[in-house]
Amino acid sequence: MPKNSKVVKRELDDEVIESVKDLLSNEDSSDDAFKKSELMVDDQEEKDVDVEEGSDVEDERPAWNSKLQYILAQVGFSVGLGNVWRFPYLCQKNGGGAYLVPYLVLLLIVGIPLFFLELAVGQRIRRGSIGVWNYISPKLGGIGFASCVVCFFVALYYNVIIGWSLFYFSQSFQHPLPWDQCPLVKNASHTFVEPECEKSSATTYYWYREALNISSSLSESGGLNWKMTICLLAAWVMVCLAMIKGIQSSGKIMYFSSLFPYVVLLCFLIRGLLLNGSVDGIRHMFTPKLEIMLEPKVWREAATQVFFALGLGFGGVIAFSSYNKRDNNCHFDAVLVSFINFFTSVLATLVVFAVLGFKANIINEKCVTQNSEKILKLLKIGNLSQDMIPHHINFSSITAEDYNLVYDIIQKVKEEEFDSLGLKSCQIEDELNKAVQGTGLAFIAFTEAMTHFPASPFWSVMFFLMLVNLGLGSMFGTIEGIITPIVDTFKVRKEVLTVICCLVAFFIGLIFVQRSGNYFVTMFDDYSATLPLLIVVILENIAVTRIYGIDKFMEDLKDMLGFSPSQYYYYMWKYASPLVLLCLLVASIVQMGLSPPGYNAWIEDTATEEFHSYPTWGMIVCISLMVLAILPVPIVFMVRRCNLIDDSSGSLASVSYKRGRIIKEPVNLEGDNTSLIHGKSPSEVPSPNFGKNIYRKQTGSPTLDTAPNGRYGIGYLMADMPDMPESDL
């Protein structure tokens with residue numbers, strides 16, 4: 001019979017006292033130690049709960065209103081801006097359709113197993129990242145603190161991107177769109193096009209000059225950009241209001257923030273497929289380049305994308321799953337969310353390249369028109385002979401195929417002097433090969449394509465509202481990865497902590513809305529998360545498989561799920577995943593060492609990007625970000641190792657009964673004898689000293705499956721009762 005069954009076999013009914021009141025009434029009144037213990041009983045019988053249905057050690061812990069709400073929260077956290085502007089770029093850069101092979105392989109080896117691991121520990125221990133890893137081993141409690149620090153660093157700049165999206169969203173309610181044409185400059189004598197815009201493009205100029213008003217280097221702060229400061233404040237207010245009540249408030253918003261992006265993506269896909277040239281973009285995207293797939297860099301980038309796409313190591317996955325019931329099928333959740341994430345990336349890739357194919361087709365048509373006019377001029381002045389031109393060619397309505405035919409003929413005939421003619425090859429593939437990602441895709445390439453859409457303001461509003469919702473879904477998980485562990489560990493009020501966290505983050509985030517703020521966003525994105533998160537997830541894997549024990553963990557999963565997980569996970573967790581993670585860590589360090597640390601600065605005079613190395617103080621900031629993120633791990637280890645803090649490890653838990661409910665405080669256990677999930681028998685675990693009372697609490701049972709009344713009950717046994725076999729619990 002499964003331990004999580006609602007019917008619990010009892011062989012010792014005569015020896016079990018049925019209620020906590022009976023326990024207290026049987027206690028010796030002179031037992032001062034018992035009186036001083038942390039047991040409180042509510043005398044109102046009508047408020048007593050059926051422990052069998054009460055379900056968990058923390059009945060007062062918030063819970064998801066429905067399974068759908070929880071799945072949407074996990075999907076919203078894992079599906080973010082990277083799915084829209086990073087995955088399509090990697091797919092194009094690394095072999096098109098062939099890139100999906102290493103991505104899927106690494107999703108099965110690294111992604112799903114580690115995502116399942118985080119879901120399982122969070123759901124069973126019902127704590128945030130700090131409590132979970134401290135519970136497994138107090139010496140590894142720093143893993144949770146490191147996750148919180150990384151979440152805070154990422155939240156600082158991620159909300160700035162939401163602020164950028166809010167700005168573009170607010171500017172989309174006008175026709176024509178403000179980035180449709182280059183602005184005109186008037187002086188005393190005449191009117192001319194803004195030189196910076198003329199040298200680049202309307203959308204590029206709008207992004208760098210109108211939106212960011214960017215400075216020419218990191219050292220030149222240029223003061224605050226007030227438009228972006230207001231947008232950043234609005235973004236933090238939205239996050240604060242959504243998170244102030246925890247999952248009770250953010251959970252309801254998930255129905256919109258998680259589902260709306262799919263509505264927009266499907267609308268864009270349908271609209272994109274009706275545009276001229278969209279099929280060329282999709283064909284280019286999914287044409288496999290198998291030779292590229294064999295390069296190690298492709299596998300490294302695929303592993304990195306899998307790792308960050310699922311939000312591993314941030315603590316958000318653990319925080320969300322900690323509000324689940326313990327018998328929830330988290331294995332199903334892990335597989336479902338992982339593949340939803342993957343198919344969302346594929347859907348976004350289809351949309352992006354359908355739209356970019358349309359854009360490339362427009363640019364190609366302009367190229368054909370301009371170069372056809374050059375050929376006509378060359379024919380008039382006699383540099384080219386009319387005999388070269390096929391008779392069916394009509395330059396007034398020439399197609400791209402006909403132009404390329406003429407181009408090839410001229411190139412062969414005028415081989416020696418061809419370069420001097422100034423003709424260009426107008427191939428749509430050349431335009432599609434110009435890979436763009438990140439802000440360059442969202443705020444430049446995609447916005448330019450949308451200016452050619454009929455009813456372009458509508459599509460612009462939809463697109464940037466989608467970006468805002470994608471960003472908010474990820475921000476909710478990121479902030480939950482900070483708030484939940486701190487609330488669980490330090491017992492502060494969630495509302496107060498949320499407001500303080502958002503206020504502090506806003507004021508620190510002002511560095512990102514300076515005129516040089518975009519360069520700081522690049523710095524934080526490159527250095528604040530990549531290496532620290534890899535180290536965090538490696539330590540998580542080691543903590544479960546080596547310190548706690550992979551065999552015990554598999555048994556615990558069987559107790560929790562009601563069935564044995566596949567042995568596939570056993571081998572992935574124990575061998576494959578840590579090996580791949582270590583290789584990825586080494587490859588990332590090597591890549592970071594080989595790539596000169598720097599950023600692309602926008603030069604106003606030339607209207608181009610120029611690579612600049614970080615100044616000395618910038619390098620110090622980069623190194624400090626990585627060190628600060630991982631520093632909690634060795635600090636907590638040394639503090640525990642040297643016993644600098646009394647963690648009261650002798651008392652495994654404190655329990656109170658409030659309104660008929662049970663509240664069990666987090667447990668600090670020493671060494672490798674901790675019990676993550678699987679309850680130990682009373683003889684294996686020390687119990688709190690209640691004096692000479694005849695009862696003792698089975699404090700070593702995190703699962704509380706020994707409850708006489710059901711699944712996760714009180715778990716009190718008679719002191720001289722023999723250890724009950726696990727099969728009977």
Side-chain angles (χ1 to χ4, degrees), residues 85-86 146 149-161 163-164 167 196 199-200 204-205 207-229 231-232 304 308 436-444 504-535 585-632:
W85 68 31
R86 177 72 177 163
V149 173
V150 173
C151 280
F152 186 72
F153 285 161
V154 171
L156 287 176
Y157 74 85
Y158 203 86
N159 223 22
V160 174
I161 301 174
W164 294 342
F167 174 76
E196 185 181 3
K199 293 174 185 175
S200 54
T204 304
Y205 172 81
W207 166 242
Y208 284 115
R209 191 55 51 211
E210 296 293 335
L212 299 181
N213 193 20
I214 199 165
S215 62
S216 58
S217 71
L218 182 70
S219 302
E220 182 186 337
S221 70
L224 289 177
N225 180 340
W226 289 106
K227 292 181 290 187
M228 288 305 171
T229 303
C231 291
L232 178 63
T304 304
F308 287 105
V436 287
Q437 64 167 325
T439 54
L441 174 63
F443 299 108
I444 297 177
V504 171
F506 167 72
F507 284 111
I508 297 176
L510 292 177
I511 65 172
F512 301 107
V513 289
Q514 303 174 97
R515 290 184 58 196
S516 60
N518 188 46
Y519 307 138
F520 283 97
V521 170
T522 302
M523 176 190 291
F524 271 66
D525 190 39
D526 289 342
Y527 292 96
S528 68
T530 307
L531 291 183
L533 280 181
L534 279 171
I535 295 171
L585 177 62
V586 172
S588 299
I589 293 173
V590 170
Q591 175 67 19
M592 194 172 289
L594 294 177
S595 303
Y599 61 99
N600 289 319
W602 178 256
I603 308 303
E604 183 176 357
D605 294 337
T606 60
T608 56
E609 287 186 334
E610 184 178 290
F611 183 81
H612 286 185
S613 297
Y614 286 120
T616 304
W617 65 267
M619 287 301 303
I620 294 173
V621 172
C622 293
I623 295 171
S624 299
L625 288 174
M626 293 185 288
V627 172
L628 286 174
I630 207 63
L631 196 59

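Computed from heavy atoms alone, side chains included, the values below leave out hydrogens, waters and symmetry copies.
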### Task
State, with a plain yes or no, whether a side-chain heavy atom of V154 is found less than 4.5 Å away from one of V150.
yes
### Query
Does some side-chain heavy atom of V149 sit less than 4.5 Å from a side-chain heavy atom of P632?
yes
### Query
For atom CH2 of W226, is the number of surrounding heavy atoms from other residues, nucleotides or ligands below 6.0 Å larger than 12?
no
### Query
Does a side-chain heavy-atom distance below 4.5 Å link P596 with F611?
yes
### Query
Is the shortest heavy-atom distance from the side chain of M592 to the side chain of L531 under 4.5 Å?
yes
Show me, pair by pair, the donor-acceptor contacts under 3.5 angstrom made by side chains of residues 504-523, not counting sequence neighbours?
residue, atom, partner, partner atom, Å
Q514, NE2, I511, O, 2.9
R515, NE, N213, O, 2.7
R515, NH2, I214, O, 3.4
Y519, OH, S215, O, 2.6
Y519, OH, W602, N, 3.1
T522, OG1, N518, O, 3.2

### Any side-chain heavy-atom pair of Y158 and F524 under 4.5 Å
no
### Query
Is the backbone N or O of E210 less than 3.5 Å from a side-chain atom of K227, with the two atoms forming a donor-acceptor pair by type?
yes
### Query
Do C231 and W164 pass the side chain to side chain contact (heavy atoms under 4.5 Å, CB included) test, and can you show the C-alpha distance, the side-chain angles, and the key distance before you say yes or no?
CA-CA 7 Å; C231 291; W164 294 342; over 6 Å; no
### Side-chain heavy-atom pair D526, Y599 within 4.5 angstrom cut-off
no
### Message
Distance alone, cut at 3.5 Å: any donor-acceptor contact between the side chains of S217 and S219?
### Response
no
### Message
Assess, by modelled atom type and distance only, whether the side chains of S595 and Q591 contain a donor and an acceptor separated by less than 3.5 Å.
### Response
yes
### Task
Starting from the C-alpha separation in whole Å, work towards a yes-or-no answer on side chain to side chain contact (heavy atoms under 4.5 Å, CB included) for L628 and F153.
CA-CA 10 Å; L628 286 174; F153 285 161; 4.2 Å; yes
### Task
List the steps and the verdict of side chain to side chain contact (heavy atoms under 4.5 Å, CB included) for E196 and T204.
CA-CA 10 Å; E196 185 181 3; T204 304; over 6 Å; no
